[in-house]
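The structure appears right after this line, and notes come after that.
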Amino acid sequence: MGNSAARSDFEWVYSDQPHTQRRKEMLAKYPAIKALMRPDPHIKWTVLGMVLVQVLACWLVRGLSWRWLLFWAYAFGGCINHSLTLAIHDISHNTAFGTSCVSRNRWFAIFANLPIGLPYATSFKKYHVDHHRYLGGDGLDVDIPTNFEGWFFCTPARKLLWLVLQPFFYSLRPLCVNPKVVTRMEILNALVQLAFDVAIFALWGIKPIVYLLGSSLLGLGLHPISGHFVAEHYMFLKGHETYSYYGPLNWITFNVGYHMEHHDFPSIPGYYLPLVRKIAPEYYDHLPQHHSWVKVLWDFVFEDSMGPYSRVKRKCKLAKDHL
């Protein structure tokens with residue numbers, strides 16, 4: 001089905017990531033941006049509402065047929081659970097309670113994790129720090145596909161399958177590319193998640209569990225919101241490794257589409273990222289941007305120039321301190 005992707009390797013560069021220098025320039029020119037580096041007062045209540053909605057959904061789906069259960073897992077639960085993973089992304093930058101309350105942020109991320117069905121939040125935090133500090137770093141940034149992914153998923157049919165299987169690649173890739181020691185917090189994350197899943201099963205049976213897991217696997221796979229996985233850093237235009245999207249899906253994804261802004265200022269909550277662009281429009285308005293995540297997915301599958309190899313990659317030196 002279709003031709004193979006034209007690329008046979010990543011786009012190797014020998015320069016530092018652009019965001020560090022951009023951040024210095026913008027803060028020097030617009031010191032008011034620093035005022036946006038504060039907790040998001042809304043995210044706690046938004047996440048609480050989403051978790052409660054999914055618990056209510058567990059009660060509602062207990063009597064559904066399997067066909068309708070999977071339909072609602074994709075159409076509704078997939079949106080909620082994918083949005084919760086993006087809430088966890090925001091919280092990993094200490095945006096719920098601020099940098100002075102790191103432990104509260106970690107535990108709140110574990111709470112947001114509950115409807116996802118599998119422990120995710122703590123491990124995500126551990127690797128996401130590297131994604132920002134070593135953007136595109138060989139063997140460090142686990143957001144970069146492996147050589148096997150780039151080599152094998154090179155035709156439209158295989159790229160489509162790759163999109164369907166995104167949850168599995170994002171979960172397993174860190175173990176292959178940059179394995180790290182399991183932390184105490186990851187164990188606690190797993191135990192809390194197991195207790196929640198057992199409680200749901202004891203109350204309402206197996207169907208709610210399938211609904212939650214289906215919401216996560218389907219919502220993070222071939223789903224309109226999943227276009228952000230490809231839109232953020234895949235090289236649609238040579239020389240550009242980070243892209244923003246300013247469309248309406250930002251309303252349900254904690255503004256993750258403002259991705260250029262996010263990498264420029266990781267400590268600013270998604271809620272305030274539109275203000276960064278408003279303060280410093282000359283740093284963003286001229287850059288290439290995406291207008292539809294669905295179109296991003298379509299172009300990724302059917303454009304021969306696109307594939308898992310369409311990423312900027314670089315060699316990075318390990319830093320001594322933390323982000």
Side-chain angles (χ1 to χ4, degrees), residues 15-43 46-47 82-96 98-99 105 109 124-125 127-137 141 143-144 225-237 239-293 295-296 311-312 314 323:
S15 58
D16 293 334
Q17 62 157 302
H19 300 285
T20 304
Q21 185 59 34
R22 285 171 54 85
R23 185 181 309 124
K24 291 178 181 178
E25 291 179 8
M26 293 175 68
L27 286 175
K29 187 174 181 179
Y30 298 108
I33 290 177
K34 290 184 179 179
L36 302 178
M37 298 175 184
R38 63 183 190 268
D40 174 2
H42 309 282
I43 194 169
T46 303
V47 167
H82 198 138
S83 185
L84 281 170
T85 67
L86 296 173
I88 290 169
H89 163 257
D90 219 38
I91 297 164
S92 75
H93 293 283
N94 299 314
T95 59
T99 55
N105 286 289
F124 174 82
K125 163 68 176 178
Y127 284 101
H128 190 63
V129 169
D130 290 342
H131 171 62
H132 279 274
R133 183 174 283 283
Y134 308 113
L135 180 63
D141 183 0
D143 192 61
I144 300 281
I225 298 177
S226 293
H228 81 87
F229 286 133
V230 177
E232 291 166 358
H233 296 293
Y234 282 78
M235 195 178 65
F236 283 81
L237 187 64
H240 295 272
E241 58 183 303
T242 307
Y243 302 78
S244 284
Y245 156 82
Y246 301 119
L249 287 179
N250 280 302
W251 300 341
I252 59 172
T253 58
F254 297 90
N255 282 332
V256 76
Y258 286 76
H259 216 67
M260 193 73 182
E261 293 85 345
H262 172 61
H263 272 264
D264 286 344
F265 300 100
S267 58
I268 295 180
Y271 182 77
Y272 297 123
L273 289 177
L275 295 178
V276 174
R277 186 188 180 204
K278 185 176 180 180
I279 291 171
E282 72 273 22
Y283 281 89
Y284 299 103
D285 289 352
H286 69 286
L287 297 176
Q289 58 187 250
H290 294 294
H291 302 284
S292 166
W293 281 341
K295 187 176 186 301
V296 164
R311 290 292 297 265
V312 170
R314 55 174 54 87
L323 185 70

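For residues 246-255, the set of pairs meeting the side chain to side chain donor-acceptor pair (under 3.5 Å) definition, not counting sequence neighbours, comprises Y246-E261.
At a threshold of 4.5 Å between non-hydrogen side-chain atoms, the residues V230 and F236 count as touching. Between P269 and D90 there is a side-chain heavy-atom pair separated by less than 4.5 Å. Between V296 and Y234 the shortest side-chain heavy-atom distance does not fall below 4.5 Å. By the 4.5 Å heavy-atom criterion applied to side chains, H259 and Y245 are not counted as neighbours. Between E241 and H263 there is no side-chain heavy-atom pair separated by less than 4.5 Å. By the 4.5 Å heavy-atom criterion applied to side chains, L275 and I268 are not counted as neighbours. P266 has its side chain within reach of R23: a pair of non-hydrogen atoms, C-beta onward, lies under 4.5 Å apart. Proximity of F124 to I88: side-chain heavy atoms (C-beta onward) are separated by under 4.5 Å at one or more points.
Ring centers of F254 and H89: at least 6.0 Å apart, outside the cut-off. For an aromatic pair to be called close, the ring centres must be under 6.0 Å apart, and H131 with H233 satisfies this.
In this structure, a donor-acceptor pair under 3.5 Å is absent between the side chains of H290 and H228. For the residue pair H262 and H19, no side-chain donor N or O sits within less than 3.5 Å of a side-chain acceptor on the partner.
Closest approach of W293 and G257 over heavy atoms only: CZ2-CA, 3.9 Å. Shortest non-hydrogen contact noted between P41 and Y272 is CD-OH, 3.4 Å. In this structure, Y284 and M26 approach most closely via the heavy-atom pair OH-CE, 3.2 Å. Considering every non-hydrogen atom in both R38 and A35, the closest pair reads NH1-O, 2.5 Å. Pairing each heavy atom of I144 with each of V312, the nearest pair is CD1-O, 3.6 Å.
One distance of note links CZ of R133 with OG1 of T20; it measures 8.5 Å at 0.5 Å rounding. For the atom pair D264 CG and L273 CG, the distance stands at 9.5 Å (nearest 0.5 Å). Atoms NE2 and CG, on H93 and D40 in that order, are 13.5 Å from each other to the nearest 0.5 Å. Note that OG of S267 is 9.5 Å distant from CG of L36, once rounded to the nearest 0.5 Å. Note that CD of E282 is 11.0 Å distant from CG of L287, once rounded to the nearest 0.5 Å. To the nearest 0.5 angstrom, K125 atom NZ is 11.5 Å from I91 atom CD1.
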Can you check side-chain contact (heavy atoms from CB on, under 4.5 Å) on D141 and R311, steps first, answer last? CA-CA 11 Å; D141 183 0; R311 290 292 297 265; 4.2 Å; yes
side-chain contact (heavy atoms from CB on, under 4.5 Å) evaluation trace for T95 with I43: CA-CA 8 Å; T95 59; I43 194 169; 4.2 Å; yes
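The aromatic rings of H240 and Y243 sit tilted relative to each other, their planes meeting at an angle between 30° and 60°.
The residues D285 and R277 are annotated as salt-bridged, a charged nitrogen and a carboxylate oxygen being separated by less than 4.0 angstrom.
Between the D143 side chain and the G136 main chain, no donor and acceptor come within less than 3.5 Å of each other. Although no hydrogens or angles enter the test, the distance criterion places a donor-acceptor pair under 3.5 Å between the side chain of R22 and the main chain of Y283.
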